[in-house]
Amino acid sequence: MSAIALISGRGRLPHLLADRLHAEGRALVLAELEGFESLSAARDDVLRFRLERLVPFLDKLQDLGVTRAVFAGGVHRPRLDPALIDPATMQLLPRIMKAMASGDDGTLREVIALMGEWGVEVVGAQDICPDLVAAPAILGDVPPKAAEKQDAARGFEILRLMGAADLGQGCVVAQGQCLAVEALPGTDAMLTHLAALRADGAALPQGGVFCKAPKPEQDRRIDLPALGPDTLEAVHRAGLRGIAFEAGGVLLIDRAELVARANALGLFLWAREGA
């Protein structure tokens with residue numbers, strides 16, 4: 001019987017997918033990259049691996065009958081320890097380093113290609129849990145106003161330009177002005193910085209919209225952006241009016257809680273068609 005591997009990073013998403021796959025009775029192999037533990041804090045059946053020993057890890061998946069894999073959770077590029085690289089992985093190192101030098105998208109494409117060479121098809125989290133993504137709609141009770149819709153349109157234009165440069169997947173726009181863009185430190189750092197600027201009395205336009213979407217050419221089987229209750233709280237602290245995100249392109253973590261909290265905070269959640 002073929003198995004599916006859940007390759008985990010940090011956050012709630014790996015737990016949601018593991019619970020769904022277990023409930024469906026799927027043959028499941030749980031794995032996580034050392035330094036980004038999540039599942040192993042609650043389970044004792046997690047296979048841990050390092051990038052320096054990537055080939056032995058892929059061989060192990062093959063031995064366990066894994067034919068599909070799903071990536072879930074937050075990671076960033078770890079530091080490689082040359083002393084730990086085994087001979088087989090060393091042969092792949094030029095490919096891996098070249099891919100990493102080309103940016104996040106190039107790195108992810110190379111990961112998918114390598115998995116395929118070991119007979120493992122990478123699938124998206126949304127393929128395992130289709131309810132993680134939303135159809136075009138306003139979720140919750142708070143609709144965006146006309147000015148906020150204009151800000152969202154401007155934000156999605158900015159995201160297209162950012163995606164072409166292989167930058168982040170989020171930005172903030174208020175009254176037509178870009179207040180912040182997501183870079184390597186991520187969404188939380190961007191929103192925390194914006195909240196600090198407002199608290200310090202910076203001359204910024206009031207309100208604003210947090211916009212979120214995958215990069216235009218991104219392979220959507222891996223690294224889709226995600227929104228959860230914590231992000232919503234950060235949006236509120238930054239003084240924004242709501243979130244506009246690409247329908248079908250953003251994973252919603254704990255959707256019911258997310259919508260309920262948005263209603264309580266008076267924020268809109270808008271699954272917007274197209275980026």
Side-chain angles (χ1 to χ4, degrees), residues 1-32 38-39 42-43 61 65-75 104-105 108-109 111-112 115-116 120-142 152 156 159 163 169-170 187 210-232 242-263 267-275:
M1 181 179 180
S2 65
I4 183 167
L6 171 55
I7 301 176
S8 165
R10 292 174 177 157
R12 279 276 296 146
L13 182 58
H15 297 271
L16 295 175
L17 292 181
D19 290 345
R20 176 67 63 90
L21 290 164
H22 276 303
E24 293 177 353
R26 306 285 290 276
L28 177 61
V29 173
L30 301 175
E32 65 185 13
S38 177
L39 291 175
R43 304 169 187 266
L61 293 184
V66 170
T67 58
R68 296 202 300 164
V70 57
F71 288 79
V75 297
D104 289 343
D105 285 352
L108 296 175
R109 282 193 292 270
V111 168
I112 291 171
M115 299 289 284
V120 179
E121 176 192 5
V122 175
V123 298
Q126 68 276 17
D127 298 315
I128 304 299
C129 296
D131 52 326
L132 283 171
V133 294
I138 295 167
L139 309 182
D141 301 331
V142 182
F156 274 62
L159 290 178
Q169 301 167 315
T187 296
F210 174 46
C211 302
K212 193 81 168 171
K215 299 168 188 175
E217 302 303 321
Q218 180 176 332
D219 191 317
R220 297 193 175 203
R221 291 175 290 176
I222 193 169
D223 195 36
L224 272 189
L227 294 172
D230 289 345
T231 305
L232 195 67
I243 303 175
F245 59 95
E246 183 181 330
V250 174
L251 303 175
L252 302 180
I253 311 302
D254 296 320
R255 185 195 294 211
E257 182 183 349
L258 186 71
V259 173
R261 190 61 184 146
N263 289 340
L267 300 176
F268 68 81
L269 286 172
W270 179 21
R272 186 178 183 274
E273 187 168 9

As an exercise, state the distance from [atom1] of [X] to [atom2] of [Y], rounded to the nearest 0.5 Å.
X      : Y      : atom1 : atom2 : answer
Asp230 : Ile253 : CG    : CD1   : 11.0 Å
Leu132 : Leu227 : CG    : CG    : 11.5 Å
Phe210 : Leu267 : CZ    : CG    : 12.5 Å
Glu121 : Arg221 : CD    : CZ    : 7.0 Å

**Q.** Residue list, side-chain hydrogen bond (donor to acceptor under 3.5 Å, both in side chains) with Arg261, at least two apart or on another chain
**A.**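 Partners of Arg261 under the side-chain hydrogen bond (donor to acceptor under 3.5 Å, both in side chains) test: Glu233.
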
Q: Using side-chain hydrogen bond (donor to acceptor under 3.5 Å, both in side chains) as the criterion, list what pairs up with Asn263, not counting sequence neighbours.
A: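 Residues passing side-chain hydrogen bond (donor to acceptor under 3.5 Å, both in side chains) with Asn263: Asp141.
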
Q. Looking at Trp270, Phe245, Phe156, which one forms a side-chain contact (heavy atoms from CB on, under 4.5 Å) with Cys211?
A.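 Checked Trp270, Phe245, Phe156 against Cys211; only one passes side-chain contact (heavy atoms from CB on, under 4.5 Å): Phe156.
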
Q: Please examine the side chains of Val133 and Leu251, heavy atoms only from C-beta on, and report whether any two atoms are closer than 4.5 Å.
A: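 Leu251 vs Val133: side chains touch.
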
Q) Do Leu224 and Gln218 touch side chain to side chain, with heavy atoms closer than 4.5 Å? A)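 They are in side-chain contact.
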
(Q) Run the side-chain contact (heavy atoms from CB on, under 4.5 Å) test against Val120 and tell me which residues pass, sequence neighbours left out. (A)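 Result, side-chain contact (heavy atoms from CB on, under 4.5 Å) vs Val120: Val66, Ala69, Met115.
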
Q) Sequence neighbours excluded, which residues qualify as side-chain contact (heavy atoms from CB on, under 4.5 Å) partners of Arg255? A)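 Testing Arg255 for side-chain contact (heavy atoms from CB on, under 4.5 Å), a comparison that skips the adjacent residues, returns Ala134, Leu252, Val259.
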
Heavy-atom pair of closest approach, residues [X] and [Y]:
X      : Y      : answer
Thr67  : Ser2   : OG1-CB, 3.3 Å
Pro214 : Glu246 : CD-OE1, 3.4 Å
Ile128 : Ile4   : CD1-CD1, 3.7 Å
Ala18  : Leu39  : CB-CD2, 4.4 Å
Ala271 : Ala135 : CB-O, 3.4 Å
Pro216 : Gly163 : CD-CA, 3.6 Å

Q: Indicate whether the side chain of Thr231 and that of Lys212 have a donor and an acceptor atom separated by less than 3.5 Å.
A: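 The answer is no; no qualifying pair exists.
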
Q.
Please list all pairs meeting side chain to side chain donor-acceptor pair (under 3.5 Å) that have one or both residues in residues 123-140, counting only residues at least two apart or in different chains.
A.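 Passing the test, one end in residues 123-140: Arg20-Asp131.
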
Show me the side-chain donor-acceptor pairs of residues 5-17 shorter than 3.5 Å, one per line, residues at least two apart or across chains.
from: Arg10; atom 1: NH2; to: Gly35; atom 2: O; distance (Å): 2.6
from: Arg12; atom 1: NE; to: Asp254; atom 2: OD2; distance (Å): 3.1
from: Arg12; atom 1: NH2; to: Asp254; atom 2: OD1; distance (Å): 2.8
from: His15; atom 1: NE2; to: Ser38; atom 2: OG; distance (Å): 3.0

**Q.** Test log, rule side-chain contact (heavy atoms from CB on, under 4.5 Å), inputs Asp223 and Gln169
**A.** CA-CA 10 Å; Asp223 195 36; Gln169 301 167 315; 4.1 Å; yes

